[in-house]
Structure formats: C-alpha cells, structure tokens
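Reminder, nothing fancy here: chain letters follow the sequence lines and each chain counts from 1. Computed from a predicted structure; not experimentally measured.
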Amino acid sequence: MNKYFIKAQDFETFVTKLVEAKQVIGPVAKKSRFVFEKLKNSKELRLDYDVTVLPPKKEFFPTCQPIVKFEGDKFEGCVNVEEKILFGVHFYDIKALDMTDLLYNENHRDINYMAHREAATIVGSNVQNIAERAFFGTVGVHVKPKGHDAFLTKIDDGYLFETYTDKGEALVSFGTFTKAKKEHESNALDVNNRVMGKCPEVLDYVGYESVANKVRKAFNNTAFWEDCAKDCFSCGSCNIVCPTCYCFDVQDNWNVDQVSGTRTRKWDGCLTEDFAKISLGFGAQENFREKRGDRFRHRIMRKTTYLNAKLGGPACVGCGRCSMSCTSDIADPVNVINKIMEV
Amino acid sequence: MGCHCEENIFVPKEAKIVKAAQVTEREKHFTLKMADGAKFEYAPGQILEVSLMGYGEIPIGLASSPTSSNGTFDIVVRTVGRVSTAINRLEEGGTMLIRGPLGNGFPIDELKGHNVVVVAGGIGLCPTRSLIKYIMDERASFKEFTLLYGARNPEEQMFQDDLKLWRGSSDVCFHEIVDKGNDKWKGKVGVITNLFKEATVKPDSKVVICGPPIMFRFVIRELKKAGVKENNIFLDLERRMKCGVGKCGHCQINDKYVCIDGPVFNYTDLKQLEEAL
C-alpha cells in the first residue's frame, strides 16, 4: 500500500503508543536467547534478535490449546479470540506463518487456528543479527514472504515502514511517520538483500525441485537414514521449534471436580516414538514408523518434498532452530540435504 | 471478541444409541441416530471420530449402509484402550459423541457393473460391512459378488445374523475361515489366503481389502496370481487418524492423509508410497 519513514528518535514513542493501546507481542530477551512475548513497554522490544526459541506460530496455535470445554453432558467449542499485534517477525517466520495459514485453512478449515490468525496484525522486521545455524539465504528463496500487514526495515537514521493492508495502515496513526523517500526505499532493499548472503550455513544446491527429486529418490536408502538417526533421542525438539511443523495430539482432561474438563490439543512431533503407533487390541500394536531412521526420514521428506505441491516450495524456511535445538546435533537439514545431493 | 459462530470442526455432535449388542467378548455393535433428529448422510467406507468427553476420541469406520439404515447408522467398537473401554460401557438409550462422516469411502461407482470381491480379516469386516450391505441392497447394480472372511476363531466372528444370511444367500459367494477352530466349528481352519484355493476370483474383478496390516501383502499376492489388475484393487487402511480432518499429521503416509485422502486407496496409488503397506 504505502511506504513511510520514521526517524530513529521517534521509533520508541511509536512502540510505546502501540503497547499502551494494543496487545503487542514482540521479541524480548530471555537470558541469552529471545522469545516472542507480550510487551510490557517499548524498552523490552529487541528488534536486534537473531532468532526466537519458539516460532511465532504459538500465538495462533498455542502449545496447549483448549478446543472443547465440557461440564457433565454439556460441551462447547472455545475459540476466544483476542486482537493482537505480532511485532518484529523476521521474513522467514512470515513465510512459515503463510504456510500454516494455508494448511489450516484448506479442506476442513480450522477455526481454532484461523480465528486467532485473522484477528492478528503482523508487522515484520528485517534480520539485524543472524542466528548461528541459519540458512534462509539458500532455501526456498523463490518463495516470497506474504500474508503480513506491514514490514519495518532499519536503515541508517530510522526505519522504512511498508504497509500492505488496512490493518497495517492503521498503525501509522500511532507514530510520527513521513512519506518515505526513494533513498529510504533503496537503502531498505539493500539491507534486506544483503542479509541473504550472510547466513553461516549454506545449502550447496539451491534448486528446490532438484533437491526434492533427489531426496525423494533416497527414500529406500535405509542405511543412510538409519545412519543419520543413530544418535536420535526421539525427543521431537526439532519438530517443536520448527515454524512449519503443525502436528498435534488431542487429549481430554478432567478438572478436579471430575464433572467438567477440557479437550485440548497439544503440539506433537513425528520424531517421537508413539507418533504413528496404533493399538490393534489383544495387546498387539502396529507402529507405522517404528525405527528412528523411519521417523527422521519422514521429517526430512516432509520439509523437502511432501508439501511442495501445495506450498510452491519446500516446507522449510532456513531459520536454523532445529539445528540449534537438537541435543545430538543431527537435525540440521543442511547437512542431510547436502549429503544426499553429493551422492 | 467472544465465541465464533463459524462451524468448529472439532466440536462433535450427540448420537443416541438405538441398540447396543455385545457381539464378541471385546466387540460391541452400536446402532445410532443423531440426537437432534437430523438425517445422517454418509457413504459406505467413511469414518467417524467417536468420543466421550473426558476420555477422548477414536476413529471408527461406519459398519452400515445408507441403503438400509433408515436414518440410523452402525459402528462396532473393540475394547482396546481408555476411550473404547468407556464407549463399550454404554448401553441402549445412552449418548456418544461423533464427528463425521469423514474420509472418502469405497468407490461405489467404480464397482458398479463389475464382479466384486471383498476380502475382510478380523475387525476389517466392520467397515467392509457397509459395502457388503450396500451391494446386497443394490444387488442388480453389480455382477458376481464374492466375500472372503477370516477371523481368529469362531467366538470372534461378528455379525452372526449377517453371516447366517450370507451363508444361505445366492446373492453372494461367501467363504469363511478361522485361524483356530473349536469343538462346534465345522468350517475351514487356516489363514485367509487359503480361501483363494476354493473361491473363484475372476481376473476382471474389482477387489476391496480390509484387515490387519500384515494381511494386505499376502492377499495382494494371491490377487496377482489370480490375474487381478493392480488398479482394480482397493485397500481400506487403518492409521492413527487423530483429528480426522487432515491436520494433526498422525495418519500421514508420504503426502497423503489417510483420514481425508482415504481411508480407501487404489493399490496403484498406494504402492508408490513406501510406508503404506
């Protein structure tokens, strides 16, 4: 829609006014890492963050989300939506949100996700510092971030603020913005382009279709997958921190009164041992991905091939969270894909 | 902003138990109707997510045919875990919660006008019963109809009334076998593939298979021997269909979700998917 400029010295006042008027979720420091959290004041906001521990999908798809409440024989859905501004989202997380939007909206539209998503305003911000395992410069680069309402880019003496929707445009009234000049725009473009070449990790093969084909062909190379996964603890951390993972389990829990309770969905991960297990009765079970290698392969397939037709690119945005969270340091898609492509 | 009025795919509806019968030691057969009186429309082979609040939800295949159900629909629940145990304590007049019908169901239109063979192992007879009943009700729409049924033992044979009917019917070539007989059992003993020695499976047959995962491979081998084309074989799969709406990921096989792309798949589609069989 429009492009604005806000001076560095006016920026804090802008955020302060926003925080006073709205619920604003932004990156804040937690010890040596960063998390998306409700801002209490503008000083907490850390747009210089590298990556957050959990991706921002948690704002629409909480780790533990009540979906039905019951009391005796009565029950009802519980979609209680709050308007919020998700402020300072990096472009790779915007891409991931766009993917989860599509997946929760298609076929059977899931109001438990979509209602929260539609009530949110998403303001992106440029990557000022790069996470130690990021590789967003070489994965799915043809997939452009979309679905957000506005985007901030830090340039020399202030910020370029681009609005794409009415929700984004509405934020302009909270700050002292002027119309952006051509040089502000070109500076911002330069800042955002430059960061793409600075990732510490690099996929050697950028064409996502050739990666998808080769990874798919490696499906039956059981020895390879078993070797990749030999140190896997099946903890599912790689799933939990992934911005494009959206699997869940559903569990019923009683309250202490033993009359009322909640049906809740909780994040689940395909690396965990029970994920694809069913009971057949007579004490028999069937686990459709019994071996660690099977589960490891499923995740890599899902990130590089299975969803490509729907998403128009890989279901990986190169944030590096899985690599950083993996205890055994085996989850890094860059290592796995580069190895497969070398053969 | 409060509650949303848009349909919530995870909120179930109440179904009344019209009839409940303990058909084997572990399996209970329920006939249900919607508590609000609404007509329940479904196709053979579709599934339901069945639940009780506080216990949880399980996927169950519909066991009746819309052709003869008169507004009611049937499911059979095997007592396995927490949810199924709680459901199987319910009796006539009770209420359970359902979401559905979900999934694609059997390709009825493709089967019409052809010889049809149904191969059901164990509890696999429950979802296939929806098709068997459909075929029996619309018998003129199909050519020869053969049913092969294998159970662990005579006590675990379900739908005794149906079995009696099928044994004596000229509308179906019915063959049955049990893994282990008892004093009263005069029928065949062995694995389900033994039935291929006596049953006539014409090469142009359309075949539907449902049973324990191990059974599929052996039955497909027999079908290939009989000259049945791969694209005429349909498999009704079981997976951990937790949400039933293609979101939760538990039933995923490659890029397919069993709950929305299945549970019935053509063999030619499935054999490309390495984790399917």
If you compare all heavy atoms of [X] against all heavy atoms of [Y], which two are closest, and at what distance to 0.1 Å?
| X | Y | value |
| --- | --- | --- |
| A:Gly77 | B:Asn8 | CA-ND2, 4.0 Å |
| A:Asp252 | B:Gly54 | OD2-N, 2.9 Å |
| B:Cys248 | A:Cys247 | O-CB, 3.0 Å |
| B:Phe10 | A:Val68 | O-CG2, 3.5 Å |

*So, are B:Glu7 and A:Arg109 salt-bridged, with charged N and O less than 4.0 Å apart?*
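No, B:Glu7 and A:Arg109 are not salt-bridged.
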
*Is it true that A:Arg216 and B:Asp255 make a salt bridge, defined as a side-chain N closer than 4.0 Å to a carboxylate O?*
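So A:Arg216 does not pair with B:Asp255 through a salt bridge.
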
Can you say whether [X] sits under 4.5 Å from chain A via the side chain, the backbone, both, or neither, judging by heavy atoms?
| X | result |
| --- | --- |
| B:Lys247 | both |
| B:Leu102 | side chain |
| B:Leu97 | side chain |
| B:Glu156 | side chain |
| B:Pro212 | neither |

*Interatomic spacing from CD1 in A:Ile278 to SG in B:Cys251 - rounded to 0.5 Å*: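 Nearest 0.5 Å value for the CD1-SG distance: 11.0 Å.
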
*CZ of B:Arg82 to OG of A:Ser279: how many Å apart, nearest 0.5 Å?*
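Taking CZ in B:Arg82 and OG in A:Ser279, the distance rounds to 13.0 Å.
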
Would you say that more than 12 heavy atoms from the other residues, nucleotides or ligands in this model lie under 6.0 Å from the [atom1] of [X], or not?
| X | atom1 | result |
| --- | --- | --- |
| A:Lys291 | NZ | no |
| B:Lys33 | NZ | no |
| A:Phe224 | CZ | yes |
| B:Glu25 | CD | no |
| B:Asn182 | CG | yes |
| A:Lys84 | NZ | yes |

*Within 45° cone and under 6.0 Å: B:Arg239 NZ/CZ vs A:Phe288 ring*: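 B:Arg239 over A:Phe288 ring: yes.
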
Which one of [options] has the most heavy-atom pairs closer than 4.5 Å to chain B?
| options | answer |
| --- | --- |
| A:Arg265, A:Gln251, A:His298, A:Arg289 | A:Arg289 |
| A:Trp254, A:Tyr246, A:Tyr113 | A:Trp254 |
| A:Leu103, A:Asn253, A:Leu307, A:Asn220 | A:Asn220 |
| A:Ile67, A:Asn107, A:Asp110 | A:Asp110 |

*Start with the C-alpha gap between B:Glu238 and A:Glu286, add the side-chain angles, then the distance that decides, and say whether side-chain contact (heavy atoms from CB on, under 4.5 Å) holds.*
CA-CA 10 Å; B:Glu238 186 171 25; A:Glu286 178 83 29; over 6 Å; no

Answer whether the closest heavy-atom distance between the side chains of [X] and [Y] falls below 4.5 Å.
| X | Y | value |
| --- | --- | --- |
| A:Phe75 | B:Glu14 | yes |
| A:Met301 | B:Asn254 | no |
| A:Arg263 | B:Pro12 | yes |
| A:Glu71 | B:Met53 | no |

Structural part of [X] lying under 4.5 Å from a heavy atom of chain B:
| X | answer |
| --- | --- |
| A:Glu106 | both |
| A:Phe248 | both |
| A:Asn112 | side chain |
| A:Asn308 | neither |

*Residues forming a salt bridge (charged side-chain N to carboxylate O under 4.0 Å, His left out) with A:Lys277, sequence neighbours excluded*: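 For A:Lys277, the residues satisfying salt bridge (charged side-chain N to carboxylate O under 4.0 Å, His left out) (neighbours in sequence not counted) are A:Asp274.
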
*B:Lys256 vs A:Tyr306, side-chain contact (heavy atoms from CB on, under 4.5 Å): CA-CA, chis, key distance, verdict*: CA-CA 8 Å; B:Lys256 305 274 186 232; A:Tyr306 291 164; over 6 Å; no

*Give the member of B:Ser51, B:Gly81, B:Gly122, B:Gly246 that has the highest number of heavy-atom pairs under 4.5 Å with chain A.*
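Most heavy-atom pairs under 4.5 Å with chain A: B:Ser51.
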
_side-chain contact (heavy atoms from CB on, under 4.5 Å) between A:Asp249 and B:Arg240, worked out_ = CA-CA 11 Å; A:Asp249 190 21; B:Arg240 191 173 162 199; 3.5 Å; yes

*What is the ring orientation for B:His250 with A:Phe275, classed by angle as parallel under 30°, tilted 30 to 60°, or perpendicular over 60°?*
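Rings of B:His250 and A:Phe275: parallel, as their planes differ by under 30°.
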
